[in-house]
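Contents: one structure, followed by commentary.
This is a predicted model, so every value here is computed, not measured. Reminder, nothing fancy here: chain letters follow the sequence lines and each chain counts from 1.
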Amino acid sequence: MVRMRAQLRLSTRLMNVGLAALCRGGYLVRAESVLIDAIRLGLPPDVVTYNTLLSAHCRADDLNAGVAVVHRMREAGVSPDAVTYNSLIAGASREGLPLRALDLFEEMLRSGITPDAWSYNALMHCLFQSDHPEDAYRVFADMAEKGVAPCATTYNTILNGLFKTGHATNAYRMFRYLQRVGLPTGIVTYNTMINGLCKSGKVGYARMVLKELGRAGHAPNIITYTTVMKCCFRYGRFDEGLETFLSLIEGGYISDAFPYCTVISALVKKGRMQEANTYCELLEQSGSMLDRACYNTLIHLRFHEGKLDDAFDLLDMMEKGHVESDEYTFSILVNGLCKMGQIEAAEKQLWSMEIRGIESNVVAYNCLIDALCKSHEVDAAIKLLHSMKLKDDFTYTSLVHGLCKVGRYHMASKFLRICLREGNNVLASAKRAVISGLRSAGFKNDLRKVQSALYMARFLRS
DNA sequence: ATAGGGTTAG
């Protein structure tokens with residue numbers, strides 16, 4: 001009897017290994033059927049079995065399926081543990097549901113499961129990603145109070161979160177603090193710092209940290225190089241960026257599609273289509289898995305070349321490969337169709353986007369508004385603007401420019417003032433267009449109102 | 001389970 005139980009435990013462990021392999025490969029349906037077969041054969045799944053499956057569901061952006069696994073394991077008499085809840089919290093984070101993550105954390109406590117450092121890490125990460133840095137910090141304080149020791153990932157999560165929520169200076173200070181008191185910093189810390197500093201415009205600091213990385217005895221990895229490359233493209237050092245990429249190819253350091261996407265989209269932006277195509281072929285030859293961001297990059301490339309059919313072929317490939325389109329995809333589609341003069345087709349994509357449940361996608365709306373304005377259909381543009389939940393600087397810049405172009409300066413000045421009142425802004429060229437238009441049309445009253453609104457806005461911003 | 005890639009106005 002004892003020996004039999006031991007053998008069953010061994011078999012369970014073997015099953016877990018197989019299950020994990022299936023999950024890693026994305027064969028979730030097969031993993032599920034393996035579990036069902038195992039139960040039917042009398043092989044008892046344990047907490048690891050369920051956790052493996054659960055985390056795979058969460059990683060596939062299906063939190064509900066993950067939660068369903070918890071119910072199944074409870075029914076089977078297997079108690080969830082910290083790993084279970086950590087995966088669920090990470091899943092809530094992936095879907096951008098901070099309240100859900102907090103609920104899960106509470107539920108964890110109620111079930112008598114003690115959170116570990118990873119529970120706090122996942123929760124903090126979720127709060128930072130959904131732009132609640134103060135709450136994230138409260139979680140960190142709670143962690144200290146409960147006597148849970150932070151690990152290296154904890155600090156990296158906080159650094160990354162501070163950058164993402166616009167607190168670059170705080171992140172930089174904290175990084176120096178970690179170094180000074182000898183808290184753990186590693187390659188992930190350095191990459192986080194370099195990326196964050198680059199994106200917040202502090203390139204000088206980024207370069208300094210990059211130099212320190214070598215002195216600290218860490219070897220830069222592919223992520224470091226991709227980050228640096230992106231930074232080069234962003235700040236107009238195009239040749240350096242390309243050289244970095246070529247040396248990565250020659251060295252055989254590229255193991256996924258990230259660097260290819262970076263360089264392809266930079267080339268498309270520059271209009272260097274032949275080179276973009278060259279790297280597109282290299283990407284194909286590399287046999288890398290194409291995910292959503294890859295497809296988006298490639299669809300954008302095809303639209304830019306005017307190859308509409310190829311773009312839609314890629315969209316089909318996406319669907320067949322069960323890669324879901326997202327707000328980027330729709331922005332690229334709407335923009336691409338607009339730029340090719342197919343405004344009606346673009347409108348259709350916008351509606352199907354709403355049906356898909358991707359709401360208030362500002363970028364896609366902005367693209368259509370801009371196209372409508374450029375084809376002098378300003379009233380349709382205004383109507384569309386009124387249906388938008390969120391508007392930004394792009395929205396108003398396009399509309400204001402469009403109204404000026406058809407000589408409707410009074411309307412343009414009205415929207416400019418609405419925009420400023422909402423705390424948005426428009427490009428300087430749009431402001432100039434309104435002012436000179438009002439002046440030439442002799443709308444003195446509007447002119448005065450606009451100028452005082454601009455003055456107030458500048459005053460409030462500084 | 002923390003770090004890198006994808007979209008819009010002039």
Side-chain angles (χ1 to χ4, degrees), chain A residues 55 58-59 82-83 85-91 93-94 116-126 128-129 150-161 163-164 186-196 198-199 220-231 233 256-266 268-269 283 288 290-301 303 326-336 338-339 361-371 373-374 392-402 425-430 432-433:
Chain A
S55 102
C58 289
R59 269 200 304 267
V83 177
Y85 278 95
N86 294 350
S87 301
L88 289 174
I89 293 169
S93 174
R94 205 169 277 113
D116 59 13
W118 291 102
S119 321
Y120 289 99
N121 294 347
L123 192 56
M124 279 195 290
H125 183 238
C126 180
F128 274 123
Q129 295 299 319
C151 61
T153 305
T154 312
Y155 299 116
N156 293 334
T157 303
I158 295 172
L159 289 176
N160 188 45
F163 278 118
K164 284 249 157 74
I187 184 66
V188 178
T189 318
Y190 281 90
N191 287 343
T192 305
M193 290 306 298
I194 295 163
N195 182 47
C198 258
K199 284 202 174 137
N221 62 15
I222 182 70
I223 293 178
T224 322
Y225 288 115
T226 309
T227 306
V228 169
M229 194 168 82
K230 171 82 181 153
C231 196
F233 291 138
D256 60 22
F258 275 64
Y260 291 101
C261 289
T262 311
V263 78
I264 290 169
S265 68
V268 171
K269 250 183 218 119
L283 168 61
S288 303
L290 299 186
D291 66 6
R292 177 188 301 199
C294 282
Y295 277 111
N296 289 341
T297 308
L298 299 180
I299 292 171
H300 183 228
L301 163 67
F303 267 119
D326 64 357
E327 54 181 325
Y328 282 86
T329 322
F330 281 104
S331 304
I332 291 161
L333 281 173
V334 171
N335 182 49
C338 283
K339 291 283 146 67
N361 180 352
V362 200
V363 179
Y365 274 92
N366 286 346
C367 293
L368 187 53
I369 286 193
D370 190 56
C373 286
K374 288 213 166 99
D392 64 7
D393 298 5
F394 285 79
T395 325
Y396 286 109
T397 298
S398 293
L399 185 67
V400 168
H401 259 299
N425 205 353
V426 295
L427 282 180
S429 62
R432 282 198 300 271

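- Among the protein residues, A:I222 comes within range of the nucleic acid bases, having at least one heavy atom under 4.0 Å from a base atom.
- If you take SG on A:C126 and CG on A:N121, they are separated by 13.0 Å, rounding to the nearest 0.5 Å.
- A:T227 is linked by a side chain to side chain donor-acceptor pair (under 3.5 Å) to nothing, counting only residues two or more places apart in sequence or in another chain.
- The listed nucleotides are B:dT8, B:dA3, B:dG5; the one nearest the side chain of A:C294 is B:dG5.
- In the interface, the side chain of A:D291 is paired with the base of B:dG5 through a donor and an acceptor atom under 3.5 Å apart.
- Within the structure, every side-chain polar atom (N or O) of A:N121 is placed at least 4.0 Å from both OP1 and OP2 of B:dT2.
- Counting only heavy atoms from C-beta on, A:K374 has its side chain closest to B:dA9 among B:dT2, B:dA9, B:dG4.
- Between the base of B:dG4 and the side chain of A:N221 there is no donor-acceptor pair shorter than 3.5 Å.
- Remark: the A:N86 side chain and the B:dA1 base include a donor-acceptor N/O pair separated by less than 3.5 Å.
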ask   = Is there a side-chain hydrogen bond (donor to acceptor under 3.5 Å, both in side chains) between A:N221 and A:N191 once you walk through the steps?
value = CA-CA 9 Å; A:N221 62 15; A:N191 287 343; 3.2 Å; yes

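- Evaluation of the disulfide (SG to SG under 2.5 Å) rule for A:C198 yields A:C231 as partners, not counting sequence neighbours.
- The listed nucleotides are B:dG4, B:dA9, B:dT7; the one nearest the side chain of A:T397 is B:dA9.
- Minimum heavy-atom separation, A:V426 to A:Y396: CG1-CB, 3.6 Å.
- Among the nucleotides B:dA3, B:dG5, B:dA9, the one closest to any side-chain atom of A:C261 is B:dG5.
- Across all strands, A:T157 comes closer than 4.0 Å only to sugar-phosphate atoms, never to a base (heavy-atom distances).
- Residue A:L427 is classed as a base contact, given a heavy-atom separation below 4.0 Å to a base.
- Considering only side-chain atoms of A:A293, the nucleotide from B:dA3, B:dA9, B:dG5 that sits closest is B:dG5.
- Per the geometry, CE belonging to A:M193 stands 13 Å off P belonging to B:dG4, to the nearest Å.
- Separation of atoms OH (A:Y365) and CG (A:D392) is listed at 13.5 Å; rounding is to 0.5 Å.
- Atom CG of A:L399 and atom C1' of B:dA9 are 11 Å apart (whole Å).
- As rounded to whole Å, 18 Å separates atom P of B:dG10 from atom OH of A:Y396.
- Nearest nucleotide to the A:T226 side chain, out of B:dA9, B:dA3, B:dG4: B:dG4.
- As rounded to whole Å, 11 Å separates atom P of B:dG5 from atom CG of A:N191.
- B:dG5 atom C1' lies 12 Å from atom CG of A:L290, rounded to whole Å.
- Using a 4.0 Å heavy-atom criterion, one finds that A:C373 contacts no nucleic acid atom at all.
- Rounded to the nearest 0.5 angstrom, A:M124 CE and A:T157 OG1 are separated by 6.0 Å.
- Out of B:dG10, B:dG4, B:dT8, the shortest distance to the side chain of A:P259 is found at B:dG4.
- Between A:N366 and B:dA9, a side-chain N or O to OP1/OP2 separation shorter than 4.0 Å is absent.
- What separates CG of A:D392 from C1' of B:dG10 is a distance of 15 Å, to the nearest Å.
- Taking 4.0 angstrom as the limit, A:K199 places a side-chain polar atom (N or O) nearer than this to OP1 or OP2 of B:dG5.
- Aromatic stacking of A:Y328 on B:dT7: not satisfied for centres closer than 5.5 Å together with planes under 30 degrees.
- Set against B:dA9, B:dG4, B:dT2, the side chain of A:R94 has B:dT2 as its closest nucleotide.
- Atom CZ of A:F128 is separated from atom C1' of B:dT2 by 12 Å (rounded to the nearest Å).
- Phosphate contact (OP1/OP2 of B:dA9, side-chain N/O of A:K339, threshold under 4.0 Å): present.
- Within 4.0 Å of A:S331, counting heavy atoms only, lies at least one base atom of the nucleic acid.
- Listed nucleotides B:dG5, B:dA1, B:dA9 differ in distance to A:D393; the shortest reach to its side chain belongs to B:dA9.
- As rounded to whole Å, 13 Å separates atom P of B:dT2 from atom CD1 of A:I89.
- Listed pair A:K269 / B:dT7 meets the phosphate criterion, a side-chain N or O lying under 4.0 Å from OP1 or OP2.
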